[in-house]
2 protein chains.
Amino acid sequence: MEQLTDKQHEILTFIADYLRDHQSAPAIREIADHFGFSSPKAATDHVNALVRKGYLLKVAGISRGLRLTADAEELVRGDEGIPVVGDVAAGLPILAIEHIQGFLDMNAMFGNRKGLYAVRVRGNSMVNAGIHDGDHVIVRQSPMIENGAIGVAYVEGDATVKRIYRDGKSVRLVPENDAMDPIVIDETCPDFSVGGQVVGVVRNVR
Amino acid sequence: MEQLTDKQHEILTFIADYLRDHQSAPAIREIADHFGFSSPKAATDHVNALVRKGYLLKVAGISRGLRLTADAEELVRGDEGIPVVGDVAAGLPILAIEHIQGFLDMNAMFGNRKGLYAVRVRGNSMVNAGIHDGDHVIVRQSPMIENGAIGVAYVEGDATVKRIYRDGKSVRLVPENDAMDPIVIDETCPDFSVGGQVVGVVRNVR
DNA sequence: TTTTATACTAATCATATTGACAGTATGTAT
DNA sequence: ATACATACTGTCAATATGATTAGTATAAAA
């Protein structure tokens, strides 16, 4: 990747910030105004340099048609998620690229995001499964659920997270807590429904 | 929130999709072309209706100045993350807007993402804190850590997640597992360092 | 029955915006 | 010395775009 001058980097950053804040690229004259240029040509020259070096694209024929290339997004941002680092060899900084095994991207890690929702868990009925009071469980919305999987059940209007076992006639909602007992409900009960299967847990510590 | 007609919903969806795919709003004429209108006025009318009903904003004086309001973003549910739903009243579909309390956005929920990294946890030394084998812990990189907080320690090149207590002379790495004992290390040990404080846990179930 | 909202066609106007032309000046690599 | 990239000023034509005026038709609400 070709090196950018300080000025070009400034201008690329301005364009990226503008795109993030305005959901739209700046006009050439807005770039010129921002940097105090009295001619749009000055901004055009910088933009053309950035296009030539592979950091910008110009969508021809439309207003505000500047777009960042993937390289530019990498340079100015880093929206791939949170880096996952592996074992750390002595001496190397933790976030050195050598350690990065991938990225945690919540928009991808639980599969197709359509049909996912999250519920905040209240109570400690699932502590043995590592689900604590205040955690969010990620749920794939579906009345079908693997037998014995952890899911969200709606009983009389209340949402509850439990292991769900069905045998055709009755449903057992089994907590993962030694101090609590399973709940058994008739399958045909009108006040019962399954909201979906838990596919993830997210916790904000403290 | 005022109800949208089918046509208005279609047009709002088109605008939202266009914004996502092009990093820019469509021009009025592009909306008209997409729907086969022979006059831009038809698209203008729909857009004005959406503005009046609170789903769109027009940034005056610029090209491609259409923006989605928060309500519209909720309606078309773009990239804000996974919706968090609250209590569910009988009859209403789970993902109805009425239930949505917010969105889980990993890029925002742990604070400034700069300096965050994730480590996959091996072993069960922290099960009592709800951190299980295979979980990812989100770590805020810093050698400073609240006394007694859960953090990542590097001991002889290995990363380990423990509660970390320091008293100036020695460091105690305390597991959250009744079957395991604390490790005590001299503060001056050259093979020891703190990687950061755990601020979150993310688990992919099954 | 009258009004109001929806859903358009057709044509025109004003302005936002880009792109190009014609220069100047400075520093750097060959 | 002679290219060449950078870093600008100033102006103008062409086109992209939003906004408006004038009108048609349908259906629902007052």
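Just so it is clear, the values below take in all heavy atoms, side chains as well, and ignore hydrogens, waters and symmetry mates. Chain letters run A, B, ... following the sequence lines, proteins first, then strands; residues in each count from 1.
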Student check: side-chain heavy atoms of A:V139 and A:V161 closer than 4.5 Å: no
Whole-Å distance separating the CG atom of B:D33 from the C1' atom of C:dA10: 15 Å
Centroid-centroid under 6.0 Å between A:F37 and A:H46 rings: yes
Residues B:E176 and B:K162 bridged, charged N to O under 4.0 Å: no
Flag, side chain of A:R166 to backbone of A:V171, donor-acceptor distance under 3.5 Å: no
Letter per nucleotide, 5' to 3', of nucleotides 5-21 of chain D [B base touched, S only sugar-phosphate touched, - untouched; heavy atoms, 4.0 Å]: SSSBBB-B---SBBBBB
Check: B:T69 side chain, B:G54 main-chain N or O, donor-acceptor pair, under 3.5 Å: yes
